[in-house]
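In what follows, residues are counted from 1 in the order of the sequence shown. Values reported hereafter were calculated over all heavy atoms of this structure, with side chains retained and with hydrogens, waters and symmetry mates removed.
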Amino acid sequence: MIWILPLRAIAFQSLFLLLAISLEALVLFKLLTDLDYKASARYSMSMNLFSTVVGWLVFFSVQVFLPADLRIQLISYFFFEQFFPNSWANRVTPILVMTMLGIFIGVFFLEYWGLILLERILEKRKPEEMQEARKRIRGGYSRLESGIPFKQNNQAYAVLVANACSFSVILFLLFIRWLERIR
């Protein structure tokens, strides 16, 4: 058996991971007031590594069940950054768009659950303490009943904004790379 490593894919995954970690750490630092920058960088690194490992495991598990022609398209894209001309060549783009949307949603949930898991493992806050702190901040339920909008889950919002920022910058870099390639 011959082992071929997609070094270009590994290099770009590492670059995108470093970029995502730094951007998400900055967003977490700004939006989650109980974290300092060092802790937000550690949380971001842990969440991104967790979601990347789970993502690759899911990819390697799912690609076995794909049709052979579609699997060739994936291999062609990872190794040569272009699609192989076959019957799937014209149908790959809509599949890719839907897959990317699913990946964004999946990464959001993985990173949010990773953040909750990290806080529980590190015993940063216990669930009872979090409920008491929320009640003290809210001052009862009068704000909710009066119609004033209130963010129910600050952590989910912070993770969503952090993912949106990192995905947007990575998509922009991929777009620039694509523009350079078509020249």
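Under the 4.5 Å side-chain criterion, counting only non-hydrogen atoms from C-beta, Val107 is not in contact with Val54. Between Val27 and Leu32, the closest side-chain pair of non-hydrogen atoms is not below 4.5 Å. Looking at heavy atoms from C-beta onward, Trp56 lies in side-chain contact with Gln13 at the 4.5 angstrom threshold. Here the side chains of Leu17 and Met45 are not in contact, with every heavy-atom distance at 4.5 Å or above. Looking at Leu174 and Phe16, their side chains come closer than 4.5 Å, going by heavy atoms from C-beta outward. Using a 4.5 Å heavy-atom threshold, the side chains of Glu24 and Tyr43 count as separate.
Arg177 forms a cation-pi arrangement with Phe12, by the criterion of a distance under 6.0 Å to the ring centre and an angle within 45° of the ring axis.
Annotation for Ala164 and Ser168: closest pair O-OG, 2.6 Å, computed over non-hydrogen atoms. Residue Glu111 comes nearest to Val159 through the heavy atom pair CB-CG1, 3.9 Å, listed as atom of the first residue, atom of the second, then distance. Heavy atoms only, all atoms of each residue included: Leu23 and Cys165 are closest at CD1-O, 4.2 Å. Residue Ser40 comes nearest to Ala25 through the heavy atom pair OG-O, 3.2 Å, listed as atom of the first residue, atom of the second, then distance.
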key: Working for side-chain contact (heavy atoms from CB on, under 4.5 Å), residues Leu31 and Gln155   = CA-CA 8 Å; Leu31 294 179; Gln155 290 176 329; over 6 Å; no

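Within a 6.0 Å sphere centred on OH of Tyr37, heavy atoms belonging to other residues, nucleotides or ligands number more than 12.
Phe108 and Ile105 fall within the same hydrophobic cluster, where Ile, Leu, Val, Met, Phe, Trp and Tyr residues are linked whenever their side-chain heavy atoms come under 4.5 Å apart, directly or through other members. Under a hydrophobic-cluster definition in which Ile, Leu, Val, Met, Phe, Trp and Tyr are linked whenever side-chain heavy atoms come within less than 4.5 Å, directly or via other members, Val58 and Phe60 are assigned to different clusters. If you chain together hydrophobic residues whose side chains sit under 4.5 Å apart, Phe50 and Tyr112 never meet in one group. Hydrophobic clustering, with ILVMFWY side chains joined whenever heavy atoms are under 4.5 angstrom apart, keeps Val53 apart from Phe167. A chain of hydrophobic side-chain contacts below 4.5 Å, direct or via other Ile, Leu, Val, Met, Phe, Trp or Tyr residues, connects Leu28 to Trp113.
The line from CG of Leu117 to CE of Met47 is 11.5 Å long, rounded to the nearest 0.5 Å. One distance of note links CG of Leu115 with CD of Glu119; it measures 5.0 Å at 0.5 Å rounding. Atom CD1 of Ile103 is separated from atom CG of Leu110 by 11.5 Å, given to the nearest 0.5 angstrom. For the atom pair Leu70 CG and Gln63 CD, the distance stands at 10.0 Å (nearest 0.5 Å).
Between the Ser166 side chain and the Ala20 main chain, no donor and acceptor come within less than 3.5 Å of each other. Ser44 places no side-chain N or O within 3.5 Å of a backbone atom of Ala41 that could act as its donor or acceptor partner.
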